[in-house]
Amino acid sequence: MKIQPDRRSADTPRDPFALASTRVHEAAGPGRRAFALFQAARHPGPLVWVLPAHQHQRPLPAGLPQGVADRLLLIEARSETDLLWSVEECLRAGPLGLVLAEPEKPLSLTAGRRLQLAAEAGRTPGLMLIREGQGSTAAETRWACDPISAPWDSTGHQWRLIKNKKGTTGLWTVHWDGTSTTCHMVSEAVQ
Amino acid sequence: MGRRQLVIWFPRLSSDISLRRRPCAGPFALTLRAGSADHLHCLTAETEARGLHRGMALADARAICPDLSTRPADLAQDAAGLESLRRWAGRYAPQVAVDGADGLVADITGAAHLFGGEAELREDLQARLDRAGITAQSAIACTRGGAHALSRHGGGIVPEGLLADRLGPLPVTALRLDHDTAETLARMGLHRIADLIPLPRAPLVRRFGPGPLQRLDQMLGTLPEPVGAPPEPPHFGVRLTLPDPIGLSADVMAALDRLLARLCDRLAQARCGARRLRLELRRVDRATTALEIGLARAMRDPDRIAPLFRKQVETVDAGFGIDGMRLEATLIEPLLPEQIGARASRPQDDLADLLSRLGNRLGFDHVLRLLPAESRIPERSFLTAAAAWSTPAPHPPLRRPPRPATLFPPEPLSQTSGHPPARFRWRRMSLTTLRATGPERIAPEWWFDDPAWRSGLRDYWRIDTREGPRLWLFHTPQAARWPSEGWFAQGEFA
C-alpha cells in the first residue's frame with residue numbers, strides 16, 4: 001500500500017528558511033551575520049558562536065534579537081583546528097539549538113564530512129559563516145546573503161539559496177528588522 | 001585508671017617554622033607590626049641569650065644586637081604549621097587538638113604502652129621534634145590543665161595522684177589565668193598554686209569570679225576537661241600504588257577508573273562534587289607528572305569525568321613506567337544527592353559536560369557568556385565571563401535607538417566628505433551614504449579613565465550605505481580639528 005502524504009503538511013507552504021535540523025549549512029556574503037542572527041532567533045535552546053580568538057568583530061548583546069544574548073555562548077578558538085574541533089564537539093553534544101561558526105579557511109572534504117556526521121549524531125543544526133568562495137561540498141544548503149539598500153527603509157535583505165542538496169534553490173527578498181523571529185517576505189522568485 | 005593527657009608546647013613555633021623554610025645564620029627574629037611600630041614576635045634561643053625578649057620594639061632590639069636579621073611574621077603560616085604538627089602528633093594518640101596558638105593536647109590514655117611507656121613516648125617525641133628543628137616542651141599528667149601548666153614550666157611527667165604535690169610550687173600564672181587576675185592574686189600574696197588550694201572557695205569566687213577556681217579544678221581533675229579534638233575534615237584524595245610499572249594509556253585510564261570510583265564514593269558520602277581534579281602520576285624514577293582538569297559543574301560521576309583526562313593522559317611521558325597514582329579533588333562544591341533512574345540525561349548536564357570538554361582544551365576563559373552590565377558605553381554595556389563560572393543573567397529588553405548587532409574596535413574612516421559623511425572609505429570599500437540617522441550623543445564616563453574614550457564625546461550615527469553595509473559610525477567633535485576629520489566605524493547592523 002502506498003503511503004499517502006499528510007494533506008495538511010502538503011498544503012501549507014513550507015517555511016523556506018527552515019534549516020534541516022541534523023545538517024550543517026553555510027552562509028556567505030556581507031549579510032551572513034544577519035542571516036545567522038535571524039536563524040539564531042528562530043532556534044530555541046542554547047546557542048554557540050565559535051569564532052577565532054583574534055577576531056574583533058563580536059556580537060553586541062544590546063543589538064541582538066530579543067532572547068539571543070541570554071542563550072549565547074561565545075567560544076574563542078586559537079587556531080583553525082581548535083575551531084573545527086569545537087564545532088564538532090558542540091554539534092555532537094546534543095543540547096544546543098544552533099551552532100554558529102566563522103571559519104577562516106575553506107573546509108577540507110574530511111572536515112566538512114565530519115561536521116555533517118557530528119550534526120547527525122547530535123541532531124543539532126550548524127551554520128558556518130564562510131567567506132566568499134570557500135564553500136564546502138558537504139554543506140546541505142548554502143545561502144548568499146546581501147543587505148539591500150532602499151531609500152525608504154533599512155531592513156531589506158536578499159537571501160539566495162544557491163545550493164541545496166534536497167530541494168530547489170531560490171531567491172527571497174525579505175524585510176527583517178533584526179529583532180523578531182519572523183520576517184516580511186517581499187517577493188519569492190524561483191530561479 | 002584515670003586519663004592521661006599529653007600537652008606539647010612549642011615556645012618558638014613561628015621562628016622554627018620560618019627557619020625550617022629558609023635557614024638563617026646568626027641572631028634571628030620575626031617581627032610583627034603593632035600600631036605603627038614593629039615588635040619582636042618570636043626569636044631564637046641564641047637571640048634571647050643576647051638579651052632580647054618577646055614584645056621588644058625592633059628599634060631597641062637593633063640597638064642591642066645590630067646584626068639581627070628579621071623577617072615579618074606570618075600568622076597564617078604559623079597556624080598551618082601547627083595544624084601539620086597536629087596531624088603529625090596523631091601518631092601518638094587518636095585524639096589530638098590544638099591548645100592555644102602554640103600548643104597541642106593529646107589524650108594518650110591507653111596508648112603510651114605502644115611506645116614502651118610514658119617516659120619513652122616523651123623521649124621519642126622530643127627526639128623527633130629536635131630532629132625536625134622544632135623546639136618543644138612536653139608534659140604528661142592526669143588532667144589537661146596540669147599537663148598544660150607543667151609543659152610551660154619545664155615539662156615532665158606527673159604520676160597519678162601526685163598532681164597537687166608536683167604542681168603546687170608552680171606560679172599561679174600556670175593556671176591559664178588572664179594577666180590582670182594573676183597580678184591581683186600576686187598582690188594579695190598568692191604566688192603559687194599551692195597557696196590557692198587551701199583557701200576557702202566562696203570568698204575567692206566573690207573576689208575573682210569563677211575563673212581561677214574553675215582553672216584550679218580543671219588542673220586538679222575535679223572538673224573534667226576533655227581534649228575535644230575537632231572531627232577530621234574530609235579529605236578528597238585517593239592513591240593507588242602499582243606492583244608493576246605501567247606505560248600504556250589504556251592501563252592508566254583503567255587505574256584512573258578505580259581511583260575515580262573511590263573518590264566519587266567519598267564525594268557522595270560528603271555530599272560534594274568536584275570542580276577541579278588533579279591526577280599525579282609517579283614514575284619509577286620518582287619523577288611526577290601532574291594533570292589537571294576543570295569541570296563546568298560540580299560533578300561526581302566517574303563515567304563523565306574519566307574521558308576528560310584522556311587527552312592529557314595520552315601526552316604523558318611514562319619513562320620507564322608509572323608505579324603510583326594519586327587523584328585529588330582540589331576544588332569541591334556542595335552537591336546534593338539526586339534522583340537516579342532510567343531517565344535520559346538532562347540537557348543542563350549535557351551542556352555542562354560540553355563546557356567541561358571545551359574548557360579543558362581551549363581554556364575555561366575562552367568559553368564565554370555575555371552578561372548584562374550597567375553602562376551606556378557600548379563596549380562596556382556587557383561583560384564577558386567564563387561560562388563555567390557564571391550563571392546566565394537576563395539582558396534588559398532592547399531599547400531605542402537600536403544598537404548594532406556586531407561591534408568592533410573603532411576603525412577610522414578615510415576620504416570622508418560632509419557631515420555626516422556622504423562618501424567615505426571603510427575596509428578598502430568606497431561607500432556612499434543613502435540615509436543617515438542620528439546623532440546620538442554618548443558622553444564618556446568621567447569616573448572611569450578609558451584610553452579609548454579620551455577623545456571625549458561621541459556622536460553616533462546610523463549610516464545606511466548604497467552598497468549594502470549598515471554601519472554605526474561616530475564622530476568625535478571635541479577631538480576633531482575640522483568636521484570631516486574624526487570619523488570612525490564601530491559596529492555593523494544586521
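None of the values given here were measured: they were computed from a predicted structure. The figures that follow rest on heavy atoms only: side chains count, while hydrogens, waters and symmetry mates do not. A, B, ... follow the sequence lines: proteins, then strands. Residue 1 opens every chain.
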Can you measure from [atom1] ([X]) to [atom2] ([Y]) and round to the nearest 0.5 angstrom?
{"X": "L96(A)", "Y": "L351(B)", "atom1": "CG", "atom2": "CG", "answer": "6.0 Å"}
{"X": "D350(B)", "Y": "R92(A)", "atom1": "CG", "atom2": "CZ", "answer": "14.0 Å"}
{"X": "Q57(A)", "Y": "T406(B)", "atom1": "CD", "atom2": "OG1", "answer": "4.0 Å"}
{"X": "L60(A)", "Y": "F493(B)", "atom1": "CG", "atom2": "CZ", "answer": "9.5 Å"}
{"X": "S86(A)", "Y": "H366(B)", "atom1": "OG", "atom2": "NE2", "answer": "11.0 Å"}
{"X": "L354(B)", "Y": "E89(A)", "atom1": "CG", "atom2": "CD", "answer": "7.0 Å"}

Over 12 foreign heavy atoms within 6.0 Å of [atom1], [X]:
{"X": "R114(A)", "atom1": "CZ", "answer": "no"}
{"X": "E374(B)", "atom1": "CD", "answer": "no"}
{"X": "R454(B)", "atom1": "CZ", "answer": "yes"}
{"X": "K165(A)", "atom1": "NZ", "answer": "yes"}
{"X": "R276(B)", "atom1": "CZ", "answer": "yes"}
{"X": "R376(B)", "atom1": "CZ", "answer": "no"}

Contact check, side chains of [X] and [Y], non-hydrogen atoms, under 4.5 Å:
{"X": "L368(B)", "Y": "I75(A)", "answer": "no"}
{"X": "S149(A)", "Y": "D464(B)", "answer": "no"}
{"X": "R58(A)", "Y": "F408(B)", "answer": "no"}
{"X": "C90(A)", "Y": "L358(B)", "answer": "yes"}

Less than 4.5 Å to any heavy atom of chain A: does that hold for the side chain of [X], its backbone, both, or neither?
{"X": "T437(B)", "result": "neither"}
{"X": "R435(B)", "result": "side chain"}
{"X": "D353(B)", "result": "neither"}
{"X": "L355(B)", "result": "side chain"}
{"X": "R357(B)", "result": "both"}

Closest-packed option against chain B by number of heavy-atom pairs under 4.5 Å, given G67(A), P65(A), P59(A), G178(A): P59(A)
Residue among R33(A), R71(A), Q55(A), Q66(A) with most heavy-atom pairs under 4.5 Å to chain B: Q66(A)
Contacting moiety of [X], where chain B heavy atoms sit under 4.5 Å:
{"X": "P46(A)", "answer": "side chain"}
{"X": "A36(A)", "answer": "neither"}
{"X": "S79(A)", "answer": "neither"}

If every non-hydrogen atom of [X] is compared with every non-hydrogen atom of [Y], which pair is closest and at what distance?
{"X": "A494(B)", "Y": "H157(A)", "value": "C-CE1, 3.6 Å"}
{"X": "E492(B)", "Y": "P30(A)", "value": "OE2-O, 4.5 Å"}
{"X": "L370(B)", "Y": "P61(A)", "value": "CD1-CG, 3.8 Å"}

Strictly distance-based, threshold 3.5 Å: is any side-chain N or O of R403(B) a donor or acceptor partner for the main-chain N or O of A62(A)? no
Between D82(A) and L362(B) (side chain of the first, backbone of the second, donor and acceptor by atom type, cut-off under 3.5 Å), is there such a pair? no
As an exercise: rank [options] by heavy-atom pairs under 4.5 Å with chain A and give me the winner.
{"options": "E379(B), E467(B), R466(B)", "value": "R466(B)"}
{"options": "G491(B), S381(B), P409(B)", "value": "P409(B)"}
{"options": "P402(B), P392(B), A387(B), P394(B)", "value": "P394(B)"}

